[in-house]
Amino acid sequence: TAAGTITDGYTPTYPSAVEHTVTVVGGNCRVEWTSFDLEASENCEWDYVTLSAGGDTWTYCGGELPPAQTLRGTSEFTVQLSSDGAVAGAGFELDFKCNELPTPVPPTLPPPTPGPSATPPPAVHTGAVVSLRANDGQRITAAGTITDGYTPTYPSAVEHTVTVVGGNCRVEWTS
């Protein structure tokens, strides 16, 4: 499970003439907007946020909260803020929760050598929880928690990868 909050990263308003992008890797993601205030325009041609997933793109502007969505059939989604050179608003904030991480690929292991020198199978261990906060140097932030997705233990011979796109990341292991 990957979950967190994405904001425009600015207070009290986002600046003019900016473009910031955050990509979250994970599938079956629920996205709920908790705050939304951008410059209004009839066709969202001035300031807008796009939400892209699996070849679909939704564009939002103005002051009305966009609808909550569940993004299925994709392994990632992207949120991008674009603003023109004039009026700015308070920005946006959205919460996300992804219930599917990228499909783990089991490693290819050679067969064990018979006899006393055979390699025992990997042990099953309890998993890890990572807390993260990313800032790409342009003030967009993504924050959340990444877990291994297995309860109560993760299985033997599994490789599980989660990619967080962003720079200047702070990672704290919580278990």
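For this chain, numbers begin at 1 and follow the sequence in order. What you are looking at is a predicted structure, and each value in this text was computed from that prediction instead of being measured.
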Q: Going from CD on Glu19 to OG1 on Thr21, what distance comes out if it is rounded to the nearest 0.5 angstrom?
A: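 Here the interatomic distance stands at 5.5 Å.
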
Q: Any side-chain heavy-atom pair from Leu38 and Leu81 closer than 4.5 angstrom?
A: yes

Q: What pairs meet the disulfide bond (SG atoms under 2.5 Å apart) rule with one or both residues in residues 2-33, with sequence neighbours excluded?
A: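 Every pair satisfying disulfide bond (SG atoms under 2.5 Å apart) with a residue in residues 2-33: Cys29-Cys98.
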
Q: Do Phe96 and Val79 touch side chain to side chain, with heavy atoms closer than 4.5 Å?
A: no

Q: I'd like to check the side chain to side chain donor-acceptor pair (under 3.5 Å) partners of Asp95; sequence neighbours left out, ordered by chain and number.
A: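 Only Thr5 meet the side chain to side chain donor-acceptor pair (under 3.5 Å) criterion with Asp95.
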
Q: Return all side-chain donor-acceptor pairs below 3.5 angstrom for residues 49-60, not counting sequence neighbours, or 'none' if the list is empty.
A:
from	atom 1	to	atom 2	distance (Å)
Ser52	OG	Thr57	OG1	3.2
Tyr60	OH	Gln69	OE1	3.0

Q: Please determine whether side-chain contact (heavy atoms from CB on, under 4.5 Å) holds for the pair Ile6 and Phe92, giving the CA-CA distance in whole Å, both sets of side-chain angles, and the decisive distance to 0.1 Å.
A: CA-CA 8 Å; Ile6 299 172; Phe92 72 91; 4.1 Å; yes

Q: So, using salt bridge (charged side-chain N to carboxylate O under 4.0 Å, His left out) as the criterion, who are the partners of Glu64 when residues are at least two apart?
A: none

Q: Got a sec, which residues hit side chain to side chain donor-acceptor pair (under 3.5 Å) with Glu76, two or more places apart in sequence or on another chain?
A: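 Glu76: no side chain to side chain donor-acceptor pair (under 3.5 Å) contacts found.
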
Q: What residues form a side chain to side chain donor-acceptor pair (under 3.5 Å) with Ser35, not counting sequence neighbours?
A: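 If we apply the side chain to side chain donor-acceptor pair (under 3.5 Å) test to Ser35, skipping adjacent residues, there are no hits.
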
Q: Tell me the closest heavy-atom pair linking Pro15 and Ser83, and the distance in Å.
A: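 Closest approach of Pro15 to Ser83, heavy atoms only: O-OG, 3.0 Å.
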
Q: Within the distance-only criterion (no hydrogens, no angle test), does the side chain of Asp37 pair as donor or acceptor with the backbone N or O of Gly89 below 3.5 angstrom?
A: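 No; zero donor-acceptor contacts below 3.5 Å.
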
Q: Give me the atom names and distance for the closest heavy-atom approach of Glu39 to Cys61.
A: O-CB, 3.8 Å

Q: Do Thr23 and Thr78 meet the criterion of a side-chain donor-acceptor pair at a distance under 3.5 Å?
A: yes

Q: Quick check against the 3.5 Å criterion: does Ser75 have a side-chain atom that pairs as donor or acceptor with the backbone of Gly26?
A: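 The answer is no, because no donor-acceptor pair under 3.5 Å joins these two groups.
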
Q: For residues 40-47, please give each side-chain donor-acceptor pair under 3.5 Å, one per line with the distance, not counting sequence neighbours.
A:
from	atom 1	to	atom 2	distance (Å)
Ser41	OG	Cys44	N	3.2
Ser41	OG	Glu45	N	3.1
Glu45	OE1	Asn43	N	3.1
Asp47	OD1	Asp84	N	2.8
Asp47	OD2	Tyr14	OH	2.6

Q: Taking only residues two or more places apart in sequence, or in another chain, which ones meet Tyr48 in a ring-ring contact (aromatic ring centres under 6.0 Å, His included)?
A: none

Q: If the condition is salt bridge (charged side-chain N to carboxylate O under 4.0 Å, His left out), which residues does Arg72 pass it with, not counting sequence neighbours?
A: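 With neighbours one apart ignored, the set is empty.
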
Q: Using the test side chain to side chain donor-acceptor pair (under 3.5 Å), find all partners of Thr70 that sit at least two apart in sequence or belong to another chain.
A: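 Thr70 satisfies side chain to side chain donor-acceptor pair (under 3.5 Å) with Arg30 only.
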
